[in-house]
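Chain naming here is simple, since letters A, B, ... match the order of the sequence lines and numbering starts at 1 in each. All values derive from a computational prediction rather than experimental measurement. Only this structure's heavy atoms are used, side chains among them; waters, hydrogens and symmetry mates stay out.
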Amino acid sequence: MRYWLMKSEPGEFSIDDLERRPNRTEPWDGVRNYQARNMIRDEMQPGDGVLFYHSNCALPGVVGIAEVVRGAYPDPTAFDPGHRHYDPKSRPDRPTWFMVDVRLVRKLARTITLAELRGRPELDGFPLLRRANRLSVMPVTEAQWRFILSLE
DNA sequence: GCCAACGTTGGC
DNA sequence: GCCAACGTTGGC
């Protein structure tokens, strides 16, 4: 089992939105970055842990714990010409983009902010803290996972 | 294959 | 709203 961090803009889809979904579960569609796609398609497995992160907002940080409940399958929004994430190079017989389903485990008692994660030696090399990191999905080591959650 | 232009991300 | 960084696109 592995650990991941997944970003979402709370104005688009927040931890509270996830909590309100049936089964507190949501298909993680719309990823259109190859590096993130490869992790989703090739590495994410049901049971993997997910840190749910709010980005591009007033208080960026980790706000909840989720888990992967369904492994990679084609992202149907890529096939829909009317959809904002439509991509004509992805076709049902040869999909380019994939997604997993993610279920909320629990919200954190408070936001563990990006600001407080910065500068921690325990998180040296963590992709989130690298300059201008734009990956919306990234791996988290078990030690990083434990450390981040210990701050709660 | 190069690389400039452009669009997007995301912290601040 | 600003802007740095980065990925993608497309002309050549």
Side-chain angles (χ1 to χ4, degrees), chain A residues 2-21 26-44 48-68 72-141 143-152:
Chain A
R2 299 184 181 185
Y3 299 97
W4 308 94
L5 180 144
M6 299 174 90
K7 294 179 185 173
S8 188
E9 301 189 16
E12 297 284 328
F13 188 81
S14 71
I15 191 83
D16 293 321
D17 294 324
L18 181 59
E19 186 175 41
R20 284 190 290 264
R21 288 292 195 257
E26 178 73 0
W28 205 269
D29 61 23
V31 172
R32 296 292 180 269
N33 169 283
Y34 286 101
Q35 214 181 328
R37 187 281 308 268
N38 292 346
M39 289 186 271
I40 288 172
R41 187 191 57 188
D42 304 334
E43 298 183 53
M44 294 184 92
D48 286 0
V50 174
L51 296 174
F52 194 108
Y53 178 90
H54 278 170
S55 68
N56 202 12
C57 58
L59 196 63
V62 177
V63 293
I65 300 171
E67 65 176 333
V68 176
Y73 59 107
D75 180 346
T77 65
F79 306 141
D80 175 2
H83 199 281
R84 176 169 151 244
H85 296 307
Y86 174 59
D87 183 350
K89 70 177 169 296
S90 188
R91 305 192 343 229
D93 57 317
R94 206 189 46 204
T96 302
W97 304 115
F98 291 79
M99 62 185 187
V100 292
D101 288 357
V102 164
R103 176 167 62 207
L104 179 67
V105 174
R106 67 176 179 89
K107 293 203 271 187
L108 298 189
R110 65 180 193 89
T111 299
I112 300 171
T113 66
L114 175 62
E116 69 190 289
L117 297 179
R118 285 199 192 284
R120 297 281 194 163
E122 295 90 341
L123 297 178
D124 205 41
F126 189 43
L128 182 74
L129 305 179
R130 284 207 290 263
R131 190 163 176 70
N133 152 71
R134 292 169 54 187
L135 264 188
S136 63
V137 178
M138 69 188 72
V140 179
T141 67
Q144 290 163 346
W145 172 277
R146 275 207 286 259
F147 174 72
I148 291 168
L149 292 177
S150 78
L151 299 174
E152 182 182 10

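- Judged by distance alone, the side chains of A:Trp4 and A:Asp48 do bring a donor and an acceptor atom under 3.5 Å apart.
- The stretch residues 81-102 of chain A participates, sequence neighbours left out, in these ring pair (Phe, Tyr, Trp, His ring centres under 6.0 Å) pairs: A:Tyr34-A:Trp97, A:His83-A:His85.
- Listed for the A:Asp29 side chain is no donor-acceptor partner under 3.5 Å among the backbone atoms of A:Asp75.
- Here chain A contacts DNA chain B (any atom closer than 4.0 Å to a heavy atom, that is under 4.0 Å), and the contacts span B:dG7 to B:dC12 from 5' to 3'.
- Within the 4.0 angstrom heavy-atom criterion, only backbone atoms of the sugar-phosphate kind lie near A:Arg118; the bases stay farther away.
- For A:Asn56 and A:Tyr34, each mapped to the nucleotide of DNA chain C holding its nearest heavy atom, the one lying further toward the 5' end belongs to A:Asn56.
- A:Ser8 places a side-chain N or O within donor-acceptor distance of the main-chain N or O of A:Phe13, the cut-off being under 3.5 Å.
- Between A:Pro10 and A:Ile15, the closest side-chain pair of non-hydrogen atoms is not below 4.5 Å.
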